[in-house]
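To start, the structure itself, in structure tokens.
Predicted model only: the values in this text are computed from it and were never measured. Nothing fancy with the numbering, it's 1 onward along the sequence.
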Amino acid sequence: MALLIIPMACFGSTLATSPPCQTPDDFVAATSPGHIMIGGLFAIHEKMLSSEDYPRRPEIQKCVGFEISIFLQALAMIHSIEMINNSPLLSGVTLGYEIYDTCTEVTVAMAATLRFLSKLNCSREIVEFKCDYSSYMPRVKAVIGAGYSEITMAVSRMLNLQLMPQVSYESTAEILSDKIRFPSFLRTVPGDFYQTKAMAHLIQKSGWNWIGIIATDDDYGRLALNTFTVQTAANNVCIAFKEVLPAFLSDNTIEVRINETLEKIIAEAQVNVIVVFLRQFHVFKLFSKAIERNINKIWIASDNWSTATKITTIPNVKRIGKVVGFTFRRGNMSSFHSFLQNLHIFPSENNKPLREYAMLLSACAYVKDSDLSQCISNHSQGTLAYKANEDIERNFSLRNDFLWDYTEPGLVHSIQLAVRALGYAIRDLCQARDCQNPNAFQPWEQIQSKCSKECSPGQMKKTTRSQHICCYECVNCPENHYSNQTDMDHCLLCNNETHWAPVRSTRCFEKEVEYLNWNDSLAILLLSLSLLGILFVLAIGIIFTRNLNTPVVKSSGGLLVCYVILLCHFLNFASTGFFIGEPQDFTCKTRQTLFGVSFTLCISCILMKSLKILLAFSFDPKLQNFLKCLYKPILIIFTCTGIQVVICTIWLIFAAPAVEENVSLPRVIILECEEGSVLAFGTMLGYIAILAFICFIFAFKGRKLPEHYNEAKFITFGMLIYFIAWITFIPVYATTFGKYLPAVEIIVILISNYGILCCTFFPKCYVILCKQETNTKSAFLKMIYSYSSHAASSLAISHVSLDSTNSSITMTDPSSGGRSAAWQEGKDLQAQAFAHICRENATRVSKILPRKRISSI
């Protein structure tokens with residue numbers, strides 16, 4: 001950066017106001033050469049003096065009212081351009097600038113815009129008329145500004161003719177977002193929609209519902225007023241009054257309108273909250289007069305003046321009440337602070353605002369820091385002649401922190417972002433062009449250029465470490481998120497209950513509904529096993545019916561008991577069908593109830609058989625008497641099954657199973673039966689387990705039966721299979737999820753059902769079909785006789801007990817009849833067992849044997 005020291009020699013008589021425009025170059029506030037020129041629009045003076053000539057002539061008048069805060073904004077643009085020129089961003093290419101003072105007047109801004117649009121390197125300042133400006137080369141490549149929306153809109157409509165990029169750092173009017181009317185307009189601040197929405201939300205949350213509004217009579221004020229009115233209505237907030245002030249200080253009625261507004265505020269004593277959409281100089285005048293009238297309210301500040309030092313330094317400003325405002329995002333200000341610290345060595349030959357500030361500073365050299373702002377304002381309102389001297393640099397040094405105190409960080413950051421965005425756009429365009437040539441590209445091409453590549457749908461912007469929001473990385477949307485537009489700030493979340501999306505998705509997809517379907521391979525396999533089981537049940541029923549009068553069938557409890565058990569097995573196999581297919585409330589309630597009751601009935605019948613076998617082959621009189629009292633077949637079966645019916649009925653009444661959509665999986669909805677009550681489900685299975693355990697104990701005690709009458713042994717094995725299957729079921733069922741969860745219970749039902757069916761009936765079918773010679777009365781009698789002969793020696797105690805209860809048994813002489821007595825006891829045991837096996841031979845056997853059991857099979 002070339003440094004030119006502010007001249008120390010004496011100046012001549014100089015004006016403290018902006019000089020009148022004599023030539024186009026006089027109109028420029030600040031300029032610096034470069035390969036690529038950037039225009040700037042800043043309202044460095046608060047108003048333009050009115051012409052005293054009559055009739056009024058079309059000429060640009062002098063501007064008065066030096067605005068320190070706006071002067072700082074112009075310095076922020078200059079500093080940002082210097083930062084880019086001193087960085088490797090634009091290698092070998094320098095940015096220049098032409099900054100114009102709009103004097104807060106639309107007409108002045110339009111004149112500056114005409115200069116921007118004038119033809120480059122033309123000896124005359126002309127704007128050519130063309131039907132196609134695609135190849136037209138204007139004086140500048142882009143424009144930074146203006147700050148105020150009213151001026152920005154007017155400038156933008158002219159720049160649209162050549163699609164010259166215009167980047168505003170402060171204009172927030174919502175209408176500027178309309179790309180049809182303002183196609184080349186860009187900004188680094190959010191629109192008023194978000195600000196007014198935040199204001200309305202703040203008012204509603206604070207419990208205020210009776211407010212007033214003050215706005216300017218221009219596009220910015222009217223649009224903000226309309227938008228805010230809609231927002232307040234949506235939040236049930238009522239507006240007591242709406243006051244409108246003239247937009248520009250050059251309007252002679254502004255003092256009158258401010259006084260009328262204050263009178264309205266005083267009259268509306270119930271209104272304690274006032275929303276202010278004004279510019280800084282409006283607020284300054286409004287508050288100054290409000291302090292004089294002792295008006296104390298809550299003021300809601302727009303971003304135009306919420307952080308303005310000009311407002312916070314008004315004498316006795318605290319007397320107006322409380323101010324709650326919204327402001328722009330701040331950035332790193334350290335480099336700008338250093339720039340201000342060294343401002344006294346910055347070149348001022350081509351920077352009229354800097355020279356004017358230096359002269360105003362000298363004019364107020366002996367004023368206290370607290371009064372410096374007012375002194376500068378007073379001296380800049382009229383024509384002040386003075387002589388500058390060697391103390392200029394010393395005045396800068398002494399007032400180093402004055403400018404920093406007036407800096408508005410949010411606006412400075414927005415200006416930095418605007419310049420940086422243009423810098424990145426130019427960098428992209430210059431990668432394949434020689435941008436040291438001013439004709440390298442046209443302004444409209446920058447609109448297609450960005451700091452970062454455009455993020456495609458399915459991606460979102462991720463801000464890099466750079467403080468500039470225009471520079472970002474494109475990252476893919478994560479799973480269950482999507483973006484359907486380019487350059488989205490964030491990905492949108494799908495409704496996780498009904499939709500899903502893969503990584504980098506542009507839309508959400510409906511989740512597929514899944515359940516264990518009939519055509520699923522596992523379901524087909526399980527159904528095949530169930531049908532096979534049903535065929536086994538039917539085959540066994542046919543075999544037993546055709547061999548009704550054989551000892552094997554009779555020893556199984558007869559055809560009725562066998563039919564009941566086979567029916568239970570049939571229902572158990574059939575219940576698996578309710579676990580497959582789309583779950584319905586009926587199937588959810590039926591499947592567990594059907595399985596629970598039928599399996600309980602099956603176990604109850606087997607329990608009765610186990611008890612009967614133990615009773616038939618128990619030779620301990622005490623145990624036998626107990627078992628005879630306990631053995632009530634119909635009562636046992638109905639009681640055991642009835643308890644399970646009660647459990648299932650209570651379950652269905654108070655917490656019935658129902659259909660539930662499991663949405664926990666990312667891509668599918670699992671349609672499943674929710675059991676309603678885990679406690680009821682566990683109670684049902686636990687009760688079956690208790691019956692099975694009792695059955696197992698009884699069968700285990702009767703396991704040492706005759707070789708071909710070992711039903712108790714097979715019942716023991718069947719119960720063991722049941723226990724193994726259901727003990728394994730608990731952890732597997734608890735850790736399994738998805739559509740195959742019902743298959744787990746089906747598999748366990750099939751295993752336990754097959755286990756009990758095979759162990760109970762297959763050995764008997766084997767004897768009936770393959771060993772018919774053993775399925776005769778004589779063979780059974782011989783088998784039991786052999787079994788009782790081997791057991792005779794161990795039953796002496798039982799014999800004595802039996803002898804005491806049956807007086808028909810006579811003892812032989814002990815010395816010669818011991819062997820005969822033992823043999824007689826064996827015959828007694830044989831007859832007892834056979835009587836329990838063959839019901840129709842009980843009477844015949846009792847005639848041969850000396851004792852008859854009262855229990856029968």
Side-chain angles (χ1 to χ4, degrees), residues 533 536-537 540-541 543-544 550-573 598-618 623-624 627 630-633 636-637 639-641 644 685 687-727 748-768 774-775 780 783-784 787 833 836-837 855-857:
F536 282 154
V537 169
I540 292 170
I543 291 172
F544 270 53
T550 60
V552 171
V553 175
K554 291 183 178 182
S555 67
S556 298
L559 196 60
L560 179 61
V561 174
C562 292
Y563 276 169
V564 172
I565 296 176
L566 289 174
L567 176 62
C568 293
H569 283 297
F570 174 85
L571 294 176
N572 287 334
F573 283 122
S598 61
F599 205 83
T600 300
L601 179 59
C602 178
I603 297 296
S604 300
C605 292
I606 296 174
L607 174 62
M608 184 271 294
K609 290 180 61 177
S610 301
L611 181 61
K612 184 162 54 176
I613 293 169
L614 185 62
L615 176 62
F617 287 92
S618 174
L623 177 61
Q624 191 177 67
L627 293 176
L630 183 64
Y631 182 67
K632 307 291 183 183
I636 289 174
I637 293 174
T639 301
C640 292
T641 307
Q644 185 69 285
L685 296 179
Y687 178 69
I688 297 175
I690 291 172
L691 293 180
F693 182 74
I694 297 173
C695 184
F696 171 79
I697 296 299
F698 286 167
F700 183 77
K701 284 185 172 294
R703 69 192 183 281
K704 295 181 180 180
L705 297 178
E707 181 180 356
H708 297 294
Y709 194 77
N710 56 355
E711 187 175 13
K713 182 187 297 184
F714 289 114
I715 292 175
T716 303
F717 287 141
M719 293 302 109
L720 282 176
I721 294 173
Y722 165 81
F723 283 125
I724 293 172
W726 285 96
I727 290 174
V748 176
I749 291 174
L750 291 177
I751 292 174
S752 55
N753 213 31
Y754 267 112
I756 295 175
L757 179 68
C758 294
C759 292
T760 304
F761 289 100
F762 277 24
K764 299 183 183 299
C765 291
Y766 174 74
V767 172
I768 293 173
T774 62
N775 190 20
F780 261 60
M783 176 188 63
I784 295 175
Y787 170 77
H836 283 279
I837 297 170
S855 60
S856 63
I857 298 176

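Here the CE-CD1 distance, from Met608 to Ile565, works out to 7.0 Å after rounding to the nearest 0.5 Å. One distance of note links CZ of Phe714 with NZ of Lys764; it measures 9.0 Å at 0.5 Å rounding. To the nearest 0.5 Å, atoms CD1 (Ile697) and OG1 (Thr716) are separated by 9.0 Å. Considering NE2 of His569 and CD1 of Ile540, their distance stands at 7.5 Å, rounded to 0.5 Å. Ile637 CD1 to Ile603 CD1: the interatomic distance, rounded to the nearest 0.5 Å, is 12.0 Å. Leu566 contributes atom CG, which lies 9.0 Å from atom SG of Cys602 (distance to the nearest 0.5 angstrom).
Checking each of Leu607, Ile756, Ile724, Ile694 against Met719 for a side-chain contact (heavy atoms from CB on, under 4.5 Å) leaves exactly one that passes, namely Ile756. Each of Phe696, Phe599, Phe693 was checked for a ring-ring contact (aromatic ring centres under 6.0 Å, His included) with Tyr722, and the lone residue meeting it is Phe599.
The shortest heavy-atom contact between Trp726 and Ser752 is NE1-OG, 3.4 Å. The two residues Phe723 and Ala692 have their closest heavy-atom pair at CZ-C, 3.7 Å.
Under the rule for a side chain to side chain contact (heavy atoms under 4.5 Å, CB included), the partners of Ile543 that lie at least two apart in sequence or sit in another chain are Asn547, Cys765, Ile768, Leu769. Listed by chain and residue number, nothing satisfies the side-chain hydrogen bond (donor to acceptor under 3.5 Å, both in side chains) test with Thr641 (two or more places apart in sequence, or in another chain). Every side chain to side chain contact (heavy atoms under 4.5 Å, CB included) that Ile721 has, sequence neighbours left out, goes to Ile751, Cys759. Judged as a side chain to side chain contact (heavy atoms under 4.5 Å, CB included), and not counting sequence neighbours, the contacts of Cys758 are Tyr754, Phe762. Remark: Thr600 pairs with Ser604, Gln644, Tyr687, Ile688, Leu691 by the side chain to side chain contact (heavy atoms under 4.5 Å, CB included) rule, at least two apart or across chains.
A distance-only check finds no donor-acceptor pair linking the side chain of Thr760 to the backbone of Leu757 [under 3.5 Å].
Heavy atoms from other residues, nucleotides or ligands lying under 6.0 Å from CZ of Phe717 number 12 at most.
Outside the 6.0 Å centre-distance limit, the rings of Phe573 and Phe536 are not counted as a close aromatic pair.
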